[in-house]
> 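One structure is given below, represented as structure tokens, and several questions about it will come after.
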Amino acid sequence: MTAGLIPAPAKLTARDGTFTLTPSTHIQTSAGLHALGELARQYLRPATGLPLKVVESATHSRIVLSLDPRLGHFGDEGYRLTVAKDEVLIRAPHPPGVFWGLQTLRQLLPSAGFRRAFVPDAAWAVPCVEIDDRPRFAWRGSHLDVGRHFMPKDWILKHLDLMALHKLNVFHWHLTEDQGWRIEIRRYPKLTAVGAWRADSQLGLSDGDGANRRFEGKPHGGYYTQADVREVVRYAADRSITVVPEIEMPGHARAALAAYPELGNTGQPLEVATWWGVHDGVFGVHDEVFEFLQNVLDEVLELFPSRFIHIGGDEVPKQEWRDSERARARGTELGLRDEDELQSWFVGRMDSWLSERGRRLVGWDEILEGGLAPGATVMSWRGEAGGIAAAKAGHDVVMAPEEPTYLDHYQSADPAEPLAHRGVNTLADVYAYEPVPNELSADEAAHVLGAQGQLWTEFMPDQRHVEYMAWPRLCALSEVLWSPREARDWADFERRFATHRERLDALDVNYRGRATTAPRPAG
Ligand code: ACM
């Protein structure tokens, strides 16, 4: 496949000759695509050093970005890219298609095009091709947990740039955890004043009872202001990426409860968690909790235009509800049989509240227990069983099974790998992943919106380490999610990656296997 394109396009026809960028090349856009024209210039100008003026009309040596309603059958994100000797045409029915076509064009150029300063003596030639391309799945996601370790905003923007390069279009931003609350909420300042900071962090794994836990011995924290969040969301939208925020409830709430203990079940003061694992300290089921969560979500909805809003729902220890007189009374008053039904009622309330506001609830597959809320979309992480059950019941599903989409797992069995979580999900495992289970009929399969890679950061203390775990596995996942199923070819992917890695090198991505960086020592 030409030029090592990743993800592979749906259809590529090679032609003779090349198009070469020169000092007289213009970028031609129509009115509605001016911002994309400017972005194209930002991509292409630094390394080439060429003026690449953005104009409404050019006659020769031009890169044309245009919306073409006749290509409606290419769908929301498809595009046609034609490279001829005198012009490059990127046409699509909708702007995201033009944007993805632009990513393909970047990959057709020499890898030095990804450098951020002038590269002398380079020939900026693009092979002549005709590409008709569109994604297989609408949800091509990258999840990131910033609760266990805070990641700086600037690096979040870098991650979004890398997602865009791979035509990944959903950034699932896991913003709240037992170990840290990372988003400013104006109405509840203690969420960040208290909840964004923890006294210490566990180092490595521990035995079941935690008796041998080791700690780093220094505080950790950080949060994103609402201005930061707006910037991230806008930066993503400019790159056809939707940011789906996750606000965890009713579990993984310890940082919130450290700030506002009255929202819990015991009334006892709590600390922001310092160790990894599933924690007690879950939200109560009294009215004040819903008032709080809905006030929080009011601000979240203002910041995130995403139709999907993730409410967590995973790993909720229910003992506190069993022990709480108030929670038991609520269950009795509602005629519920057990705590699973109480959680289901909790999620159902949030589902109605979000639906009334034109949004859709997504939750981890535990939200199936005790009965699934009518509008809910299920994110299937404990294997695919939850996703299959939800799709059969007519619910939308995002596949996120631990095997092989948990990118916090080891990438190989090599003892030199840095400490990771549990099993091994190799690059080849990720590449071989099929998001639509055989158990589903064609109608049921239509409920599988796509899949995503999970980056839980207990053992990823900084962004370089996240990059090591994310890449190149997200390259493989991007192809699973974008390219036609029949086009999947591991040997060909490996060949293309030999070129693609030059792009990642130029972008300074600390991917596994990079020649100039070694894995960290285990620990
Ligand atoms: C999860 O890994 N608890 C969703």
Side-chain angles (χ1 to χ4, degrees), residues 139 141-149 170-182 202 205-206 208 244-256 273 275-283 308-319 340 343-344 346-347 350 361-370 372-373 376-390 395-410 419-425 429-430 433 435 449-460 466 469-470 473-474 477:
W139 188 299
S142 172
H143 152 287
L144 178 70
D145 160 24
V146 291
R148 272 53 176 263
H149 282 102
V170 178
F171 177 51
H172 171 176
W173 205 3
H174 184 88
L175 284 162
T176 72
E177 256 310 334
D178 295 310
Q179 294 85 1
W181 181 284
R182 305 283 176 228
Q202 183 178 343
L205 296 158
S206 62
V244 174
E246 180 177 355
I247 305 295
E248 278 266 25
M249 62 188 81
H252 290 283
R254 211 179 165 92
W275 50 269
W276 318 130
V278 176
H279 287 260
D280 289 331
V282 307
F283 285 117
F308 289 96
I309 302 292
H310 204 305
I311 56 83
D314 58 319
E315 299 178 320
V316 185
K318 310 234 169 71
Q319 194 57 41
D340 283 349
Q343 164 153 351
S344 176
F346 190 120
V347 174
M350 302 315 299
L361 177 147
V362 198
W364 300 105
D365 57 60
E366 285 93 331
I367 66 171
L368 281 152
E369 294 161 7
L372 192 53
T377 293
V378 170
M379 193 166 269
S380 193
W381 74 279
R382 296 174 302 174
E384 293 184 321
I388 291 168
H395 287 260
D396 285 343
V397 168
V398 176
M399 287 299 186
E402 286 186 278
E403 292 174 13
T405 70
Y406 268 41
L407 307 182
D408 57 338
H409 291 205
Y410 284 96
L419 177 74
H421 198 57
R422 284 192 274 216
V424 179
N425 288 326
D429 293 336
V430 176
Y433 180 56
L449 304 179
Q452 59 178 38
Q454 279 45 248
L455 290 160
W456 302 102
T457 56
E458 285 94 334
F459 307 123
M460 303 180 206
V466 177
M469 300 305 280
R473 289 187 290 189
L474 282 177
L477 191 66

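Both counts, for ligands and for their atoms, begin at 1 and track the order of listing.
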> Tell me, please, which residues at least two apart from W173 pass ring-ring contact (aromatic ring centres under 6.0 Å, His included).
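In terms of ring-ring contact (aromatic ring centres under 6.0 Å, His included), with neighbours along the sequence ignored, W173 is linked to F171, Y224.
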> Can you name the residues that form a ring-ring contact (aromatic ring centres under 6.0 Å, His included) with H252, not counting sequence neighbours?
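If we apply the ring-ring contact (aromatic ring centres under 6.0 Å, His included) test to H252, skipping adjacent residues, there are no hits.
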> Going by the rule ring-ring contact (aromatic ring centres under 6.0 Å, His included), which residues pair with H279 if we only count those two or more places apart in sequence or in a different chain?
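In terms of ring-ring contact (aromatic ring centres under 6.0 Å, His included), with neighbours along the sequence ignored, H279 is linked to W275.
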> For atom CD of E403, decide whether the heavy atoms of other residues, nucleotides or ligands shown that lie under 6.0 angstrom number more than 12.
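Not more than 12 within 6.0 Å, no.
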> For each nitrogen or oxygen atom of ligand 1, which protein N/O atoms lie closer than 3.5 Å, and how far apart are they, rounded to 0.1 Å?
residue	atom	partner	partner atom	Å
ligand 1	2 (O)	Y406	OH	2.6
ligand 1	3 (N)	D314	OD2	2.6
ligand 1	3 (N)	E315	OE1	3.1

> Could E458 and R422 be called an ion pair, given the rule that one side-chain N must be under 4.0 Å from one carboxylate O?
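Looking at R422 together with E458, the answer is no, because their closest N to O distance does not fall below 4.0 Å.
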> Taking the basic N atoms (NZ, or NE/NH1/NH2) and the acidic carboxylate oxygens, is any pair closer than 4.0 Å for D340 and K318?
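Looking at K318 together with D340, the answer is yes, because their closest N to O distance falls below 4.0 Å.
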